[in-house]
There are 2 protein chains.
Amino acid sequence: MPELQRVTIHDVARSAGVSVATVSKVINGRYGVALATSERVQAVIDQLGYESSLVARSLRSHRTNVIGVLVAEFEPFSTEILKGASQAIGGTGYELLAYSGGGRAGTPAGWERRYLSRLSGTLIDGAILVTPTVVDSGGAVPVVAIDPHAGPAGMPTVDSDNYAGAVTATEHLLGLGHRRIGFLGGRPDLESSRLREAGYRSALAAAGIADDDALVRVGGYRRENAQEPARELLTLPERPTAIFAANDLSAIATMEVAGELGLTVPEDLSVIGFDNVPESALVNPPLTTISQPIQRMGSAALELLIHLMDGGTDRPTHLRLPTELVERASTAAPRRR
Amino acid sequence: MPELQRVTIHDVARSAGVSVATVSKVINGRYGVALATSERVQAVIDQLGYESSLVARSLRSHRTNVIGVLVAEFEPFSTEILKGASQAIGGTGYELLAYSGGGRAGTPAGWERRYLSRLSGTLIDGAILVTPTVVDSGGAVPVVAIDPHAGPAGMPTVDSDNYAGAVTATEHLLGLGHRRIGFLGGRPDLESSRLREAGYRSALAAAGIADDDALVRVGGYRRENAQEPARELLTLPERPTAIFAANDLSAIATMEVAGELGLTVPEDLSVIGFDNVPESALVNPPLTTISQPIQRMGSAALELLIHLMDGGTDRPTHLRLPTELVERASTAAPRRR
DNA sequence: CTGTTAGCGCATTCAT
DNA sequence: ATGAATGCGCTAACAG
């Protein structure tokens with residue numbers, strides 16, 4: 001079928017009877033064009049519905065006023081970031097471009113480096129990397145990382161206070177009267193996971209409760225991986241009365257396992273999660289959790305990035321946003337025995 | 001500061017002691033390169049961390065394996081679409097690029113046409129337009145529209161059954177015993193908004209309730225725009241006992257205004273929304289709403305688009321997905337007076 | 001097998 | 001005030 005061709009600057013030039021250069025000047029509002037000519041060209045542009053190609057323009061001028069948000073996948077966390085960035089971009093004169101490969105397959109690791117190489121220097125003037133595993137920016141354009149897996153190392157970073165959040169979660173359980181509190185950790189190779197465990201241990205220590213490694217398991221942040229360790233914790237001879245899961249998905253898995261074992265939440269077992277993803281409000285009972293201000297992390301990252309792109313150097317390049325306890329219905333005082 | 005320059009194909013060529021064309025051949029796996037040369041070039045590529053520029057490549061070859069999702073803004077609806085598209089793109093060999101301008105300013109209308117012009121023909125091989133107001137694709141690349149504001153006219157479309165959903169919502173309120181039911185509409189120029197209002201009116205008529213324009217306001221689908229008209233409805237001499245808001249964001253705005261006015265939901269006022277975005281489950285009380293299968297609309301659009309890009313012509317180009325009532329806690333029987 | 005040549009659509013000197 | 005020439009990074013002919 002005869003696909004209509006895109007109208008290019010050449011078509012406009014020919015149609016207006018001027019040169020390509022003149023059209024370019026009109027578009028970019030440069031000096032050196034007679035008013036009459038300018039108006040005629042503008043009329044043709046409107047009539048043809050011409051719009052300059054981002055690609056060609058950027059290849060030439062190396063500036064696009066476009067900011068890239070690079071993600072591994074569009075899932076709840078990254079789309080919340082997008083919402084936050086989208087709110088913050090109003091009035092800045094920039095536009096947003098979010099890029100993601102096709103799911104996880106074929107993206108071994110280091111997707112962020114690939115995407116950055118493919119887009120930077122030409123298509124985008126700066127980038128926000130969402131939960132990157134690699135921290136080497138490559139240096140082509142300014143980059144801000146959100147919640148990098150290895151912690152803030154070198155590049156400007158926005159994350160939330162994992163340590164304080166974990167302390168809060170543990171203190172919440174302590175405040176309810178729990179003394180035997182289990183911890184279902186994330187992946188030991190991730191900074192966020194390490195910090196959450198550290199917060200848990202330190203809150204226990206502050207309450208004068210001895211460390212007990214029997215109550216600590218690795219859940220890996222994923223539902224399937226968390227179920228077995230959750231079962232181990234809940235079948236311990238001296239079962240914990242509460243469990244702090246390192247993220248909401250493992251907390252949900254824990255509640256599922258509890259159900260299978262005939263335990264009622266929160267009467268027999270209190271469960272608290274971390275992240276406050278939308279799903280956490282939908283489970284039964286609704287999950288008490290620690291909320292990360294994900295949208296605000298997105299807008300903060302965007303503002304920091306623009307500051308950096310403008311050559312600013314006078315701001316802290318590491319923003320740590322506070323976490324917050326969200327009390328729902330999965331925690332309660334332990335049953336007296 | 002000395003920003004490191006992007007590594008270009010020239011750097012690779014020079015470093016490997018071959019011509020630019022040879023490097024290009026190696027990258028694209030074309031015939032006509034000696035194994036030894038190929039390996040040497042590949043080694044240099046790895047060492048330098050070179051990745052070809054999407055922009056330059058697309059300008060030249062007019063094919064990128066990238067699908068564009070063009071949205072006015074990253075808000076709950078469009079990001080759900082993104083999630084759906086993201087799921088469906090796995091294994092297709094395409095990558096996803098979502099594009100949005102900077103908020104509403106300077107984007108009078110027709111943003112979709114502008115974005116399409118800027119990106120198509122070069123950067124993206126096909127596009128999904130999310131709630132576009134203009135239905136003229138321009139013809140440069142295959143396009144699928146999701147929930148177009150003017151209804152399915154000409155271009156391939158995916159939407160949901162707005163009319164039936166609105167009838168369901170209104171009947172739900174009627175079934176609870178409400179008789180004075182307000183409607184907080186979207187933008188009158190949008191087809192979805194008109195259909196939702198039509199469904200509302202027709203359900204009222206079927207119940208033998210006379211039309212009352214005093215109970216109908218325009219909320220514009222956005223939180224800020226909806227607050228004032230919501231306030232008007234709730235301060236009416238004879239206040240409605242229930243409000244059907246044309247989308248979840250306006251429903252949430254309505255609940256906020258109700259709170260300011262000292263009204264309790266659902267005791268003093270029932271509120272029902274439309275869309276079932278994740279946020280609707282997180283507000284207090286959780287919002288009763290009409291669910292559109294938004295993620296499925298995203299994946300359906302992606303599949304239809306790829307079919308079209310492959311030259312397929314044997315599928316219906318208009319998909320209408322069903323809506324469904326999701327009962328949560330923002331609706332109840334009216335209080336007796 | 002490999003290098004040379006010629007654009008893709010556009011913005012920018014530099015002439016005229 | 002306008003146009004011709006040049007190059008951005010890359011791929012596709014073709015020539016050697």
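Chain letters run A, B, ... following the sequence lines, proteins first and then strands; every chain starts at 1.
The separation between B:R118 atom CZ and C:dC10 atom P is 11 Å, rounded to whole Å. Rounded to whole angstrom, the span from the CZ atom of B:R14 across to the P atom of C:dT2 amounts to 20 Å. A straight line from CZ of A:R30 to C1' of C:dC10 spans 13 Å, rounded to a whole angstrom. Atom P of nucleotide C:dG9 and atom CD1 of A:I27 are separated by 14 Å, given to the nearest angstrom. Atom pair A:I9:CD1 and C:dC10:P shows a separation of 5 Å (rounding to whole Å applied). When rounded to the nearest whole Å, the span between CD1 of B:I45 and C1' of D:dC10 equals 13 Å. Between A:R63 atom CZ and D:dC8 atom C1' there is a gap of 17 Å when expressed in whole angstrom units. In this structure, B:L123 atom CG and C:dC8 atom P are separated by 18 Å, rounded to whole Å.
For the segment residues 52-59 of chain A, residues with any heavy atom less than 4.0 angstrom from an atom of DNA chain D are, sorted by number, A:L59.
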Identify every side-chain donor-acceptor pair in residues 121-132 of chain B under 3.5 Å, counting partners at least two apart or on other chains, and give the distances.
unit_1, atom_1, unit_2, atom_2, d
B:T122, OG1, B:S120, O, 3.4
B:D125, OD1, B:T64, N, 3.1
B:D125, OD1, B:T64, OG1, 3.3
B:D125, OD2, B:T64, N, 3.2
B:D125, OD2, B:N65, N, 2.7

Side-chain donor-acceptor distances from residues 36-47 of chain B under 3.5 Å, at least two apart:
unit_1, atom_1, unit_2, atom_2, d
B:R40, NH1, B:A16, O, 2.4
B:Q42, NE2, B:D46, OD1, 3.4

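Under the salt bridge (Lys or Arg N to Asp or Glu O under 4.0 Å) criterion, the residue pairs touching residues 85-98 of chain B are A:R114-B:E95, with sequence neighbours excluded. Within the structure, no pair that satisfies the side-chain hydrogen bond (donor to acceptor under 3.5 Å, both in side chains) test touches residues 142-157 of chain A, not counting sequence neighbours. Among residue pairs with one or both ends in residues 10-35 of chain A, those qualifying as salt bridge (Lys or Arg N to Asp or Glu O under 4.0 Å) are A:D11-A:R14; sequence neighbours excluded.
Not a single side-chain hydrogen bond (donor to acceptor under 3.5 Å, both in side chains) links B:T317 to another residue, sequence neighbours left out. Residues satisfying the ring pair (Phe, Tyr, Trp, His ring centres under 6.0 Å) test with B:Y99, not counting sequence neighbours, are B:Y115. The ring pair (Phe, Tyr, Trp, His ring centres under 6.0 Å) test applied to B:Y221 returns no partner, not counting sequence neighbours. Take A:D189 and apply the side-chain hydrogen bond (donor to acceptor under 3.5 Å, both in side chains) test, not counting sequence neighbours, and it matches A:R187.
You'll find the side chain of B:V20 stays beyond 4.5 Å of the side chain of B:S24, heavy atoms only.
No side-chain donor-acceptor contact under 3.5 Å links B:S117 and A:E51.
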(request) Summarise protein proximity over nucleotides 1-7 of chain D in one line of letters, 5' to 3': B for base, S for sugar-phosphate only, - for none, counting protein heavy atoms closer than 4.0 Å. (result) SBBB-BB
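Over its full length, the helix from C:dC1-D:dG16 to C:dT16-D:dA1 turns its helical axis through 50°, comparing axes from the five pairs at each end and rounding to 10°.
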